[in-house]
Amino acid sequence: MAHPLDGPVAEMARRVRDRGDPFTARSLVEESLRRIEALDGRLHAFLHVAADLARAQADRVDAEIAAGRDPGPLAGVPLAVKDNLEVAGLPLSCASRILAGYVAPRDATVVARAVAAGACVVGKTNLDEFAMGSSTENSAFGPTRNPHDLARVPGGSSGGSAAAVAARLVPLALGSDTGGSIRQPAALTGIVGFKPSYGRVSRSGLVAFASSLDQVGPLARTVADAALLHAAIEGPDPADATSHAFEAFRAPAPRTALEGLRVGRVAEFDLGANPDPDVAGALARARRVLGEAGAREVELSIPLGGAAGIPIYYIVAPAEASSNLARFDGIRYGLRVPGEDLEALYAATRGAGFGPEVRRRILVGTFVLSAGYADAYYKRAMAARRALAQQFERAFERADVLLSATTPTPAFRLGEKSSDPVAMYVCDVLTVVANLAGVPAISIPAGVSATGLPVGVQLWARAGHDTQLLRIAHLLEGRLGTPAPIPALTREVLA
Amino acid sequence: MTAPAPRLLVGLEVHLQLKTRTKCFSACPVSTSGEPNALVDAVVLGLPGALPVLNREAVRLAVRTGLALGCTIADVTKWDRKNYFYPDLPKGYQISQYDQPLCVEGAVEIQDDAGGLKRIRIRRAHLEEDTGKSFHDEQGTKSRIDFNRAGTPLLEIVSEPDIASAGEAERYLEALREIVAYVGTSDGNMQAGNMRCEPNVNLVYENGDRTPIVEIKNLNSVHNVGLAIRFETQRQSTAYAERGETGQNTARSTRGWDDVQGTTVHMRAKESADDYRYFPEPDLPPLRLTRAWVEGEREALPELPRARRARYRATLGLSEYDAGVLTASRALADWFEAVLPAPAGARDPKAAANWVSTELLRHLNESETSLAAVGLAPQELGELLDLVSTGTINLKTARDLFRELVADGGSAATLVKQRGLAQVSDEGTLETACQAAIAGQPQAAQEFRAGQEKAFGRLVGAALKALGGKGNPALVQATLRRLLAAPGG
Amino acid sequence: MGTPPSTPPGLPIDADFVRRVATLARLKLEEERLPELTEQFQRILDLVGAVVRIEVPAEDGSLLPALEIGDLRPDEPGPTLARRDLTRNAPAHDGAFLVVPKFRGDES
């Protein structure tokens, strides 16, 4: 009989909240901790396991219930938090040596909201350093492995969160997505990863990588589970001036059924002449399934939506990152490498504290903002973003959602791309434009390759249509019948 | 043959601390005192994950100041990041405004060196956050940083290089201080550190040569600003005369004011003249200011000091000097005007001005009380003035009463009545008293009749004494003269 | 904002160029890694240089909807950071101040 931890989140929380049911928050947390203990040595999904905190939170939830109060829709649900989000009293590393010893003084808004809904934080998960990367190989503390094949990457930058959910260590995880960092690892590990509309979820307490692109979102086994976490954390936050309520929908109201749904097929999202057969196959199947359910395909063009997005992204993101990471200077917190004078201290601290990918992006970002180049690069890239956003708006007049692959291939091997940064960058082609345009997008599992590696498909919607997107994704998920696969190594500990 | 003196060009960059309760981009409280690093929060310190949130009152005070300086307020304004590395700059960038500042194109009127009026144009004024403060060990190898000041809202006001002398610079700064004190947006006090000034100085010669522009830092008083400009004028003209230094062959530089030596000293140029890499602040949306709101702020402005002084001279007939004394503070000017009733003209403004600028101010100074704490209300002074102007009491009585009223308040008319302080103006009583005085001072009477005016005073004193100090002095004098002049008197 | 570029984007760059950018970014580079880094930098610039071929709208503007004065934070004091949270994370402090190597006293 399956443990409630492997069932729907709504169900496990319901059992916890039911005073008549002996099942407790504490028992959910203990099972999660047991699995982490058993498996994480091989996966390295977690940088810090917060057993004391999780138990204390679980006990509090159980006490609330005993006292007749409702602790919330996520009562007792173990939650993994990507280690670029603050959890008060826990270390915050961003997988970087430059934050050695740093302890967060407060909770990120999303963490506080999730905990207020009853969730229990079991630990901080591994990531590419400062969220810069697509494989979690850029972590200063070693990579996370894909639970479906330990020789392969789980994707990035939210690789730890994705692996933790895929391996059934936790049912829910928080990640961040700047250019695909929730969706891509979700696709590579066979789970659901959702990036909300920009401004939908608070960034207060998320260590900023690219301020105009970052969003916090859920990773989970099903869309319903992801939607529950999203509902608990979303909404404007006075501490984040870029978060806002979205205006009421323009008529007509967006469709929430598959029947009559207009599904955009964007020419620029095409996988090209030699697509990976598993990815192409999953995508074709998703199209067919939607067609059978009464949806109709609309052919569209978003001229800047394809390969053109890569140069725009790799100008804007490093530029903002170079500024956001200037605060890591050895003065007020984190690593300090002594120097003969102040300038030596800065250079030595930042040179030693940041890994190679972060240093590369800081250099690129500094360059594209510098005098004489800012107009040609940064300003132009930002103008191109506005053009891209307008193109998406026009596309969504003719389609309710867009359908595409999430990644060009299933998970690649550890070390396969890490020596060539540019090769890594171009893999982001199917995900970065959603961040550039600020639109919501979600990856759902769509089967496995011949060798058992998961593949995902991605749905996109107009900015502000998050609820509707989740609804359509839930319906497609049901029709596809390809739930998140259980990794072999997890089966060992589930007995 | 001496060449004609070059023209001095001075542009002033002034940073004003705005009087908000919290910092520009976070709810961390602002205060002038406190232990180091106590007035900080995650946003102020630039902790990872912290985001800025703009303070509504900082915007309002900035706009209010801009309006008082005659500026145009932007329809849409935005924030930008100014990126550089410095220990007192927590985030490694300062949130400031680059190409869409809050205020543009204002002006301040000052007196030029010849005593005429001159407009100093203001190019722009924008809102930004302050940095922390650093302290350097005299001996030893360490510096210390206190971030209490970091994040405080500053209004940076940039003038055009219209200032032509050290005196004009000082008067510009005094005018700024007066205006911001009037509108209550800043204390504008350089010594207290809530107004900072960096002059940009160079000389223009008749032949077109210009000396390189020098920016002067580390000035902590208006007086020092004047001294520094005078010193720079001398130094630059010498450098030009002796070494031919012009803006063509010599770079701009920054010099620090050395208060002890009374000189400016060259500062090592900042490394590679930092490229600030300005870009729009992605964490803050732009701000749209409706014309209705801006006009509301404009209407809420008090009458500004210069306009007020002009009104006092024109409609109240006060002298420039008196107008100046009365408008030294907005509170004092308000108090003075409250002495004058409507309809205008019912009380003599000059008399009121005189009493406020002498008796009241002397009392405030001697007793070290503030205007708010004084026991007398403006209308009560007015009542006292009426008693004098109607001849009910004499000036001496009035002054005595004043001293009592400033401490305890009360009604002058009531006291006069209760104590029978009304001065005697009755002819018969006066005549009797004067005759008694003449009779009692035969020597003085004789000297006066012999032509010695001075003796008259003794007779007046005696008459007043006989009247218990309550004689109407003018009538007493007239009566005495009449009696003394009469034959056989 | 800024003068027109003196070199077109993607032009061959050299190690000196990378060193200058690294100085601006306060990043100490290992000299032996410099050739590899220069080559990577060049390839990244080649990749992003494509941005010049993108047709962009002339008018400027923010991606974020503008706020109005009433949307802004009221001037109400909030909590300050506990001293413990400052000192436990500070690399060097004397209990009150943060301590750094002595630097020039010129305020910017």
Side-chain angles (χ1 to χ4, degrees), chain B residues 20-22 26-29 35-42 44-45 47 53-60 76 78 84-89 98-99 131 134-137 140-147 217-218 254 256 267-268 270-272 274-275 277-278 280 285-290 293, chain C residues 1-6 16-28 51 59-108:
Chain B
T20 54
R21 297 170 68 200
T22 67
S26 86
C28 181
E35 46 178 289
N37 289 306
L39 297 169
V40 298
D41 67 7
V44 168
L45 282 178
L47 298 189
V53 183
L54 180 57
N55 181 341
R56 181 192 301 172
E57 184 69 358
V59 174
R60 198 185 69 82
V76 179
K78 73 185 225 306
Y84 64 96
F85 288 87
Y86 209 63
D88 67 11
L89 186 67
Y98 184 63
D99 58 332
T131 62
S134 47
F135 305 90
H136 312 282
D137 293 352
T141 57
K142 300 276 181 266
S143 295
R144 279 153 227 286
I145 324 280
D146 174 15
F147 290 100
K217 288 185 181 294
N218 202 31
T254 300
M267 294 168 92
R268 258 178 314 178
K270 277 225 281 288
E271 222 183 287
S272 63
D274 249 347
D275 172 359
R277 286 159 280 135
Y278 281 103
L287 179 65
R288 181 185 316 278
L289 298 170
T290 64
W293 180 82
Chain C
M1 188 159 92
T3 52
S6 49
D16 256 342
F17 179 90
V18 176
R19 280 193 199 94
R20 279 200 305 277
V21 179
T23 303
L24 204 50
R26 303 303 191 273
L27 282 179
K28 182 174 175 187
V51 78
E59 77 286 352
D60 228 340
S62 168
L63 293 164
L64 297 166
L67 298 179
E68 311 242 323
I69 192 87
D71 298 324
L72 299 181
R73 170 177 62 87
D75 194 25
E76 295 297 331
T80 55
L81 196 73
R83 170 69 36 137
R84 183 180 50 104
D85 285 320
L86 174 74
T87 52
R88 81 166 145 185
N89 286 322
H93 66 91
D94 63 8
F97 294 91
L98 289 173
V99 179
V100 299
K102 194 165 170 184
F103 59 99
R104 297 183 316 268
D106 57 303
E107 301 284 290
S108 57

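Residue numbers start from 1 in every chain, and the chains themselves are labelled A, B, ... in the order their sequence lines are given, proteins ahead of strands. Only heavy atoms go into these numbers, but all of them, side chains included; no hydrogens, no water, no symmetry mates. All figures in this text were calculated on a predicted structure; none of them were measured in a lab.
Ranked by non-hydrogen atom pairs under 4.5 Å with chain C, the options B/Arg60, B/Arg288, B/Lys78 are led by B/Arg288. Ranked by heavy-atom pairs under 4.5 Å with chain B, the first of C/Leu63, C/Leu64, C/Leu67 is C/Leu67. Most heavy-atom pairs under 4.5 Å with chain C: of the set B/Gly256, B/Ala42, B/Pro87, B/Cys28, this distinction falls to B/Pro87. For the set C/Asn89, C/Asp75, C/Leu86, C/Leu72, the entry with the most heavy-atom pairs within less than 4.5 Å of chain B is C/Asp75.
For B/Thr20, the parts lying near chain C are the backbone and the side chain together; criterion is any non-hydrogen pair under 4.5 Å. For C/Ala90, no part lies under 4.5 angstrom from a heavy atom of chain B. Proximity to chain C (any heavy atom under 4.5 Å) is shown, for B/Asn55, by both the backbone and the side chain. Only the side chain of C/Asp94 comes within contact range of chain B, with heavy atoms under 4.5 Å apart. Both the backbone and the side chain of C/Ile69 come within contact range of chain B, judged by heavy atoms closer than 4.5 Å. Heavy atoms of B/Ala38 lying under 4.5 Å from chain C belong to its backbone as well as its side chain. Heavy-atom distances place the side chain of B/Leu289, and not its backbone, under 4.5 Å from chain C. Within the 4.5 angstrom heavy-atom criterion, atoms from both the backbone and the side chain of B/Val40 approach chain C. Heavy-atom distances place no part of B/Leu89 under 4.5 Å from chain C, backbone and side chain included.
In this structure the side chain of C/Leu98 reaches within 4.5 angstrom of the side chain of B/Phe147, judged on heavy atoms. Contact annotation: the side chain of C/Phe103 approaches that of B/His136 to within less than 4.5 Å [non-hydrogen atoms, C-beta and beyond]. Counting heavy atoms from C-beta on, the side chains of B/Pro29 and C/Thr80 come closer than 4.5 Å. Between C/Leu81 and B/Leu47, some side-chain heavy-atom pair lies under the 4.5 Å cut-off. A heavy-atom distance below 4.5 Å is found between the side chains of B/Thr22 and C/Arg73.
Within a 6.0 Å radius of NZ in C/Lys102, other residues, nucleotides and ligands contribute more than 12 heavy atoms.
In this structure, CG on B/Leu39 lies 9.0 Å from CG on B/Asn37, to the nearest 0.5 angstrom.
The aromatic rings of B/Tyr98 and B/Tyr278 lie parallel to each other, their planes meeting at an angle below 30°, with 60° marking the opposite boundary.
Under a 3.5 Å cut-off, the side chain of C/Arg83 and the backbone N or O of C/Gly95 do form a donor-acceptor pair.
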